[in-house]
Amino acid sequence: MALLQIAEPGQSAAPHQHKLAVGIDLGTTNSLVATVKSGEAVTLPDEQGGHILPSVVRYLSCGRKEVGAKAREAASEDPFNTIVSVKRLMGRGVEDVRSLGSEAPYHFIAGENGMPFIETVVGNKSPVQVSADILSVLLNRAEDSLGGELTGAVITVPAYFDEAQRQATKDAATLANIKVLRLLNEPTAAAVAYGLDQGGEGVIAVYDLGGGTFDISILRLNKGVFEVLATGGDSALGGDDFDLALAHWLADQAGIGADIDTALARYLTEKARDVKEALTDSDAVVADLNFARHSSSVAVTREQFDALVEKLVSRTLRACKRTLKDSGVDAGEVQDVVMVGGSTRVPLVRAKVSEFFGREPHIDIDPDRVVAIGASIQADVLAGNKPDSDMLLLDVIPLSLGLETMGGLAEKVIHRNTSIPVGRAQEFTTYQDGQTAMAIHVVQGEREMVEDCRSLARFVLRGIPPMAAGAAKIRVTFQVDADGLLNVSAKELSTGTESSIQVKPSYGLSDGQIATMLQESYSTAQEDLDKRRLREQQVEADRLLVALEQAIEADGDALLNDEERAMLQSEMAQLLKLRNGADADAIEKGIVVLSNESDFFASRRMDHGIQKALQGHTIDEIEEKK
């Protein structure tokens, strides 16, 4: 240990100038806060010495609130005012959260822009506000432990969180008065913890099964660079689902009817969680069920529990298989498997993951703490406490980002699994003569048609100089920052006219929607390509028909005789008929035919335009202007 440090003035910060930064794992079931002390990343305890904070908030009629273990103990007796697993509600719409049914037995009402609010005795609370209450407790714990005000925090999120869910997390931090240094994907945080501790290089799989979400990330670690090759998972699968399956089974075994109220459902879920945790170390557990006038004991074996959750575990392995395919890596190339999340303590999970990857997974660091520890290491770097650090994190975006073009086509600008932060620009043009504005529709997804993707935002670029169709140049730029948040701008290049928007959706994707979007992109790939080609040909036909109609209206009387006009109108009618059909090849041929048949008219218009421009001028005048 160094007892004395000597440095030139201004070259090194004094010890008291060490910036206080923390990593926060804002989990579905539990949350933690960690920091780097004397070069070691540690989680911070509360006054009672507990490191894990249950992610539960209870609102009391007196205006007070309870956060943590005390709130969780009241979940069954006061279910409507005790909010659990709020992370599952972050960034979602009212209909999404209502579809959770008994998993989220609250009274929801819709706020502005579809944001769900939960009715409580102290008023309506949004998931963002509930999360902010959890973060506030962690902030106070950190400042009390470290004895000062924080510079900022790195907060972790599931890799599969979309823009709405990430923005909701940042909003919660803002409400809690926390400066967010960065949002960090949970699997990447785990890779930071393991990669730096072990100095590993090569391909690593991070299997993250928490209380409410599952993530699988394939990373390549090489000389301090953490590159996420691909991510996958399920934003609505976790230990809560294990508890729910076991709770239903306990109710059946105890002879409890289907008419279960909210309080009883909470009680059974709590019992199921206790049994699940006990089965980690025991082969059999007896669940004592005592409520109202009912009393019974139900024996549960690990074998019975495994049978109940096997399908859920298999869902995680299917996601692993898809993500390996996306990354271009075979399971045999994975050198290490890192286990993250409390649900990875389930013996069946560890056995199945070991079998799938053909190697024993790493469980060196407490799976409940590894994410917070990794986040704290990154926070220490971002706060400037390690200026010589060469750590580089390259997260990726989970779904492609693009915009709508004519015909309802989705033009991808940034493809999924692109490392972030990233910026991409693409040039587009106008569709009609004299067009002075362009509507920009930002979408997310893998399908070829906008109707099959998710709408993120819309804005309008105005002030485009009136020009012929196709003459204007509009550059649209997509920028995704290190937190995975998107900004889109559009600029008309000749005038510099610009408009932009920060994509901040009010709610996120529904349960399983991200995974479904990916699956559909594979299963409908050829169908989508055929549909895209058809729409492209239809758009081109429309463009040609509109241009000819405008030309005939402007110059038809002067440049066409009756026979020529009739011929062109007949060919146009034929192309219109083909355009309304479903044969892309036939439309393409019809476009070629009409283009060839109308060439003479285009030539006459050009000659006519030149003659009109020269009328009244001499050759000498024209030469002088040169």
Worksheet item: Near Asn177 CG, under 6.0 Å, is it more than 12 heavy atoms from other residues, nucleotides or ligands?
Response: no
Worksheet entry | Short side-chain donor-acceptor distance under 3.5 Å, Asp542 and Gln538 | no
Response to the item:
Taken to the nearest 0.5 Å, the spacing of Leu181 CG from Asp380 CG works out to 10.5 Å
Worksheet item: So, the side chain of Glu333 versus the backbone of Asp330: is there a donor-acceptor pair under 3.5 Å, distance only?
Response: yes
Practice prompt. Applying side chain to side chain contact (heavy atoms under 4.5 Å, CB included), run through Thr477 and Val488 and close with a yes or a no.
Written response: CA-CA 6 Å; Thr477 303; Val488 182; over 6 Å; no
Discussion item. Run the side chain to side chain contact (heavy atoms under 4.5 Å, CB included) test on Thr316 and Ile216 for me, step by step, so that the C-alpha distance in whole Å, both residues' side-chain angles and the decisive distance to 0.1 Å come before the verdict.
Written reply: CA-CA 8 Å; Thr316 71; Ile216 174 69; over 6 Å; no
Practice prompt. Nearest 0.5 Å please: distance from the OG1 atom of Thr323 over to the CZ atom of Arg318.
Written response: 12.5 Å
Worksheet item: Is a donor on one side and an acceptor on the other found under 3.5 Å between the side chain of Glu571 and the backbone of Leu568?
Response: no
Worksheet item: Looking at Arg543 and Glu540, does any basic side-chain N land under 4.0 Å from a carboxylate oxygen?
Response: yes
Worksheet item: Do the side chain of Thr188 and the main chain of Leu184 share a donor and acceptor less than 3.5 angstrom apart?
Response: no
Response to the item:
Taken to the nearest 0.5 Å, the spacing of Leu403 CG from Gln444 CD works out to 13.5 Å
Discussion item. How long is the straight-line distance from CZ of Arg533 back to CD1 of Ile587, given to the nearest 0.5 Å?
Written reply: 9.0 Å
Worksheet item: So, does Asn561 use its side chain to make a donor-acceptor pair with the main chain of Glu564 at under 3.5 Å?
Response: yes
Practice prompt. May I ask you to decide whether Glu186 forms a salt bridge with Lys87, counting only side-chain N to carboxylate O separations under 4.0 Å?
Written response: yes
Worksheet item: Judged by modelled atom types alone, do Glu492 and Ser494 share a side-chain donor-acceptor pair under 3.5 Å?
Response: yes
Discussion item. Strictly distance-based, threshold 3.5 Å: is any side-chain N or O of Arg604 a donor or acceptor partner for the main-chain N or O of Leu559?
Written reply: yes
Worksheet item: Can you find a heavy atom in the side chain of Glu553 that is under 4.5 Å from one in the side chain of Glu549?
Response: no
Worksheet item: Looking at CE of Met438 and CD1 of Ile474, how far apart are the two atoms once the value is rounded to the nearest 0.5 Å?
Response: 4.0 Å
Fill in: Ser603 side-chain N/O to Asp599 backbone N/O, donor-acceptor pair under 3.5 Å
yes
Worksheet item: Could you go step by step and tell me if Ile440 and Phe428 meet the side chain to side chain contact (heavy atoms under 4.5 Å, CB included) rule?
Response: CA-CA 11 Å; Ile440 309 294; Phe428 297 87; over 6 Å; no
Practice prompt. Let me see the working for Leu26 and Leu135 under side chain to side chain contact (heavy atoms under 4.5 Å, CB included), right down to the final yes or no.
Written response: CA-CA 8 Å; Leu26 183 61; Leu135 288 171; 4.0 Å; yes
Worksheet item: Under 3.5 Å, side chain of Ser131 to main-chain N/O of Val128, donor-acceptor pair present?
Response: no
Worksheet item: Between Asp583 and Asp585, is there a donor-acceptor pair closer than 3.5 Å when you use the side chain of the first and the backbone of the second?
Response: yes
Discussion item. With rounding to the nearest 0.5 angstrom, report the OG to CG distance, Ser126 to Leu175.
Written reply: 7.5 Å
Worksheet item: Side chains of Gln165 and Thr169: does their closest heavy-atom pair fall under 4.5 Å?
Response: no
Worksheet item: Do the non-hydrogen side-chain atoms of Phe108 and Ile118 ever get within less than 4.5 Å of each other?
Response: yes
